[in-house]
Amino acid sequence: MSTSVDTTAPPSADDNTGRLDGASKLRIFSVLAVIVLFTEVAPMQYVMVSAALRQIAPTFPTHGANINWAIIIFGVVGAATSPVIGKLSDIVGKKRMFLVCGVLFMIGCAICAITSNWMLFLLGRGLQATAIATAVISYGLIRDLMPRKLVPIGLGIASTGLGVSALAGPLIGGFIVDHYSWRSIFWFLFAFTVVMIPLVIAIVPESKLRTPQRLDLVGAVLLGAGLVFTLIYLDNGQDWGWSKPSTLAWLIGGLVLLVLFPIVEMRVKNPIMDMKLLFTPRVSVLLFIALLASLMIGYQSYATGYMTQSPPAAEVVDQVKTATWDQVKAGALQQAQAGAEAQAKAALPPGVELPPGAVKVPPEAVYSQLPPNMVDVKLDPGYTYGNGFSLLKYATHLAVAQSIIAMLFGFLGGLWIRRRGGRQPLVFALVIFVGAAIAYATTSHGWGMQALISAIFGIAFGLYYAATPNLMVEAVPAEQQGISAGMLGVMQSMGAGIGLAVATAFLNANPVKAEVTVLTPKGPNTVLQDIPMLFSDKGYEISYYFIAAAAVIALIGAVIMKAGRTPATGGTAY
């Protein structure tokens with residue numbers, strides 16, 4: 001027997017929010033479209049920047065694998081600022097904070113576009129990270145402004161977008177990088193935001209709902225600093241030594257601050273979030289699931305982009321062999337030149353100097369005497385991925401299909417949630433998360449198989465991002481919407497950051513090395529050379545197994561959770 005939704009829910013305390021109940025469909029969907037388009041700048045930049053890391057890295061050559069902090073810091077700062085911005089949106093107004101995030105994002109884009117200083121680049125990325133909070137605010141705006149029956153669908157659309165990030169992210173980003181410079185990505189994002197801000201001002205009304213209290217800065221600092229310290233440990237533990245006291249200090253400090261956060265919040269007059277609500281199972285279980293599920297989301301786009309844009313193994317072998325052969329020829333020529341000059345000097349009468357450049361050894365004569373197979377190169381360990389894709393080719397072959405499928409299933413997920421609740425699509429999404437992670441680890445690492453898995457993963461991506469905000473809207477009262485969505489953003493940003501940081505440690509522990517053998521008169525001389533920015537299959541496979549294990553735990557949580565088993569109400573449940 002099918003279950004229907006009562007779209008004429010009784011009035012609740014938060015109905016006087018400026019809801020567009022009597023507005024035309026054009027007005028309603030115009031507001032929704034502008035809200036969604038404005039929030040798409042965060043996923044759009046993530047796709048562009050994560051896929052362009054190989055192009056960005058040469059600008060900061062001394063930072064090696066730490067180039068991943070161009071992505072990690074976005075999650076770290078996003079996690080630290082989302083609850084604060086979410087709480088401010090409850091206090092001072094959601095549209096107002098929406099616009100503040102847009103301005104900060106623009107400033108960050110400008111800094112990243114013009115600097116070649118690593119710390120300034122990270123500062124710009126940190127300012128851009130406030131765009132993560134636009135999604136947090138959008139959930140509250142949609143809850144406050146949309147007619148009740150459209151809230152689940154609106155949240156589903158908001159979570160996966162209207163196709164701008166799905167298409168502009170990979171396609172425009174790829175075109176810009178291939179034809180201009182990675183810096184053009186940030187100028188494009190700057191221009192996009194310049195266009196969107198006036199549209200938000202003109203079309204989106206402000207929510208009338210306010211929470212009359214002061215911002216708890218102590219709680220915000222405890223939460224933000226705890227997240228930052230913990231992620232620093234995860235990212236640098238491999239290089240610093242996981243068990244060294246100086247390294248463990250970051251982890252211990254971060255965990256202490258995170259433990260202090262709820263303790264302090266339960267004692268202050270105006271906590272950043274009601275701790276009783278935070279630890280209610282319908283909220284805490286959802287946050288736990290979001291943390292673990294986001295490991296897969298954060299790592300998948302990075303890994304597929306990085307692997308397919310890496311050069312094929314045969315090309316790397318040829319490059320190393322060519323470079324080594326050039327060194328051998330240069331050494332042989334230098335040795336022959338020195339020998340010829342010594343012979344010429346010995347033949348001169350005493351006291352006569354050999355004029356500079358008087359003796360010239362023909363390079364071809366030296367090179368022809370070298371054995372043809374004097375240099376041999378093998379990769380140890382080797383790797384089977386690597387297609388040498390440009391960013392644009394990566395977009396057309398993998399990213400666009402996944403993004404469009406995710407967009408479609410975000411909308412369909414909203415319809416499903418309106419009829420059945422958010423738990424079913426969440427469970428279905430997490431089953432695909434587990435299967436996709438295992439498939440990435442165990443199947444061929446060529447682009448064809450990765451494209452197939454990524455397309456299937458797009459289904460889960462859309463359903464997951466439709467389910468989680470709807471479940472949060474159903475779980476909390478309207479006056480706690482901003483901060484609750486902020487905490488959801490914290491868990492998702494933290495999970496993405498942890499996934500990438502832990503995977504980076506696994507990758508750094510499994511580098512690709514070149515075994516270079518040069519035949520000399522004294523016998524073969526073999527040395528191992530590090531190949532920068534390349535990692536063995538094992539590094540990626542271990543990372544995906546780790547991600548799969550996290551997704552399994554998240555799946556168990558979704559199966560046993562009590563919330564989301566009834567049709568979504570649009571926010572009247574509590």
Side-chain angles (χ1 to χ4, degrees), residues 46 49-50 53-54 56-57 60 62-79 118 122 125 226-255 258 291-307 309-310 380-383 385 433 437-438 440-442 445 491-513 528 530-554:
Y46 188 89
V49 177
S50 61
L53 274 185
R54 293 191 67 87
I56 296 173
F60 309 101
T62 61
H63 293 279
N66 282 330
I67 192 69
N68 288 340
W69 266 90
I71 304 297
I72 294 173
I73 195 170
F74 192 83
V76 171
V77 176
W118 178 239
L122 291 183
R125 292 292 291 152
L227 295 172
V228 171
F229 291 170
T230 303
L231 277 172
I232 287 175
Y233 169 81
L234 291 171
D235 183 63
N236 294 286
Q238 176 67 31
D239 294 331
W240 295 350
W242 295 105
S243 59
K244 286 185 177 180
S246 58
T247 308
L248 285 171
W250 290 97
L251 176 63
I252 295 170
L255 294 179
L258 291 176
L291 174 70
L292 295 176
S294 295
L295 270 67
M296 177 66 173
I297 294 169
Y299 183 62
Q300 185 265 348
S301 62
Y302 161 78
T304 55
Y306 205 92
M307 292 171 76
Q309 291 181 78
S310 295
D380 183 23
Y383 63 98
Y385 64 90
F433 274 30
I438 294 173
Y440 278 125
T442 58
H445 300 324
M491 294 298 105
Q492 291 174 335
S493 297
M494 184 69 174
I498 290 174
L500 190 52
V502 173
T504 297
F506 287 136
L507 293 175
N508 287 340
N510 293 275
V512 171
K513 294 181 180 291
L528 282 177
D530 288 332
I531 307 296
M533 301 175 64
L534 280 178
F535 311 100
S536 68
D537 288 354
K538 182 180 178 181
Y540 286 104
E541 290 163 2
I542 293 174
S543 299
Y544 272 121
Y545 282 129
F546 172 79
I547 299 298
V552 167
I553 299 172

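Side chains are part of it too, since the values below use all heavy atoms of this structure and drop only hydrogens, waters and symmetry mates.
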**Student:** Without swapping roles, check the side chain of Arg125 against the backbone of Phe74 for a donor-acceptor pair under 3.5 Å.
**Tutor:** no
**Student:** How many angstroms lie between OG in Ser536 and CD1 in Ile542, if you round to the nearest 0.5 Å?
**Tutor:**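 Output value for this atom pair is 7.5 Å.
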**Student:** I need the Ile498 CD1 to Leu295 CG distance, nearest 0.5 Å.
**Tutor:**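 With rounding to 0.5 Å, CD1 (Ile498) is 6.0 Å from CG (Leu295).
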**Student:** Ala551: which residues meet the side-chain contact (heavy atoms from CB on, under 4.5 Å) condition with it, sequence neighbours left out?
**Tutor:**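 Ala551: side-chain contact (heavy atoms from CB on, under 4.5 Å) contacts with Phe433, Val434.
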**Student:** State whether the side chain of Thr230 and the backbone N or O of Gly226 hold a donor-acceptor pair below 3.5 Å, judged by distance alone.
**Tutor:** yes
**Student:** Taking atom CD1 of Ile553 and atom CG of Leu292, what is their separation to the nearest 0.5 Å?
**Tutor:**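 The CD1 atom of Ile553 sits 6.0 Å away from the CG atom of Leu292.
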**Student:** State the CG-CG distance between Leu534 and Leu507, to the nearest 0.5 angstrom.
**Tutor:**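 Between atom CG of Leu534 and atom CG of Leu507 there are 11.0 Å.
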**Student:** Please evaluate residues Tyr385 and Thr304 with respect to the criterion side-chain contact (heavy atoms from CB on, under 4.5 Å), reporting the C-alpha separation (whole Å), side-chain torsions for both, the decisive distance (0.1 Å), and the verdict.
**Tutor:** CA-CA 10 Å; Tyr385 64 90; Thr304 55; over 6 Å; no
**Student:** Under 30°, 30 to 60°, or over 60°: which ring-plane class applies to Phe535 and Tyr306, parallel, tilted or perpendicular?
**Tutor:** tilted
**Student:** Would you check, one step at a time, whether the test side-chain contact (heavy atoms from CB on, under 4.5 Å) holds for Met307 with Tyr440?
**Tutor:** CA-CA 11 Å; Met307 292 171 76; Tyr440 278 125; over 6 Å; no
**Student:** Taking Gln309 for its side chain and Gly305 for its backbone only, find out whether a donor-acceptor pair lies under 3.5 Å.
**Tutor:** yes
**Student:** For Val502 and Tyr299, what are the C-alpha separation, side-chain angles and deciding distance, and is it a side-chain contact (heavy atoms from CB on, under 4.5 Å)?
**Tutor:** CA-CA 10 Å; Val502 173; Tyr299 183 62; over 6 Å; no
**Student:** How long is the span from the NZ atom in Lys538 to the OG atom in Ser543, to the nearest 0.5 Å?
**Tutor:**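 The distance works out to 11.5 Å.
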